[in-house]
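Comments concern the structure below.
Note that the coordinates shown come from a computational prediction; the quantities given were computed from them, not determined experimentally.
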Amino acid sequence: ASIDKPVQAINEAVAGTGSMKPLTLFEEGAVQIKMLDPIFHEEGDRPMKRGMEVSETKQLQRRLNHERRQAARQLARDAAVVQQLQHQKGEVKRKAKQSER
């Protein structure tokens, strides 16, 4: 009760001065949600290509998956070639041992 009178006096003093305004966290209004322009296709339009209306993140994900699969295929091919070379070396050694006998 003893603090109510000083608080009321301060509030009246602030309200009486036109230069002071209440504190606000943000001066601007709320940020508006961006709207995308719709795309309308009519008969006779060119046929849609794959990924024509796909977002950039989806395109990047697809490209990443494609490159990852390509790398896996290339690694499998390389492993097969290395295995063939090792097999050929083993064959040469085995033939050399058989010829020594």
Side-chain angles (χ1 to χ4, degrees):
S2 64
I3 201 164
D4 290 337
K5 288 183 182 181
V7 169
Q8 188 177 9
I10 292 172
N11 286 339
E12 289 173 2
V14 169
T17 61
S19 63
M20 299 180 97
K21 58 183 177 181
L23 294 176
T24 57
L25 186 59
F26 298 106
E27 293 295 325
E28 306 91 31
V31 177
Q32 296 296 316
I33 298 173
K34 293 182 181 177
M35 297 291 292
L36 299 175
D37 294 330
I39 299 173
F40 297 102
H41 294 286
E42 297 180 5
E43 289 185 35
D45 284 348
R46 286 185 279 140
M48 288 179 45
K49 296 179 184 174
R50 184 170 183 228
M52 191 170 168
E53 292 184 16
V54 180
S55 69
E56 184 180 0
T57 56
K58 197 68 165 175
Q59 286 176 349
L60 290 173
Q61 285 176 344
R62 283 183 181 168
R63 187 168 33 161
L64 176 69
N65 281 338
H66 181 70
E67 290 175 3
R68 182 180 47 79
R69 289 180 184 136
Q70 277 183 333
R73 282 188 216 109
Q74 189 63 40
L75 285 173
R77 287 187 203 119
D78 292 347
V81 169
V82 168
Q83 187 177 14
Q84 287 175 355
L85 290 174
Q86 287 177 346
H87 180 70
Q88 288 175 357
K89 287 180 184 177
E91 287 290 319
V92 169
K93 286 182 182 179
R94 191 163 40 88
K95 287 182 182 179
K97 284 185 181 180
Q98 283 181 353
S99 64
E100 287 177 5
R101 293 183 182 179

Out of the candidates Arg68, Glu67, His66, only one should pair with Gln70 under the side chain to side chain donor-acceptor pair (under 3.5 Å) rule; please name it.
His66

Test item: side-chain donor near acceptor, Arg62 and Gln59, under 3.5 Å:
no

One pair to check against side-chain contact (heavy atoms from CB on, under 4.5 Å): Gln8 and Asp4. What are the steps and the verdict?
CA-CA 6 Å; Gln8 188 177 9; Asp4 290 337; 5.9 Å; no

Here the gap from Asp78 atom CG to Gln83 atom CD, rounded to the nearest 0.5 Å, amounts to 13.0 Å

With sequence neighbours left out, what residues match Arg69 under side chain to side chain contact (heavy atoms under 4.5 Å, CB included)?
Asn65, Arg73

Side-chain heavy-atom pair Arg77, Gln74 within 4.5 angstrom cut-off
yes

Run the salt bridge (Lys or Arg N to Asp or Glu O under 4.0 Å) test against Glu91 and tell me which residues pass, sequence neighbours left out.
Arg94

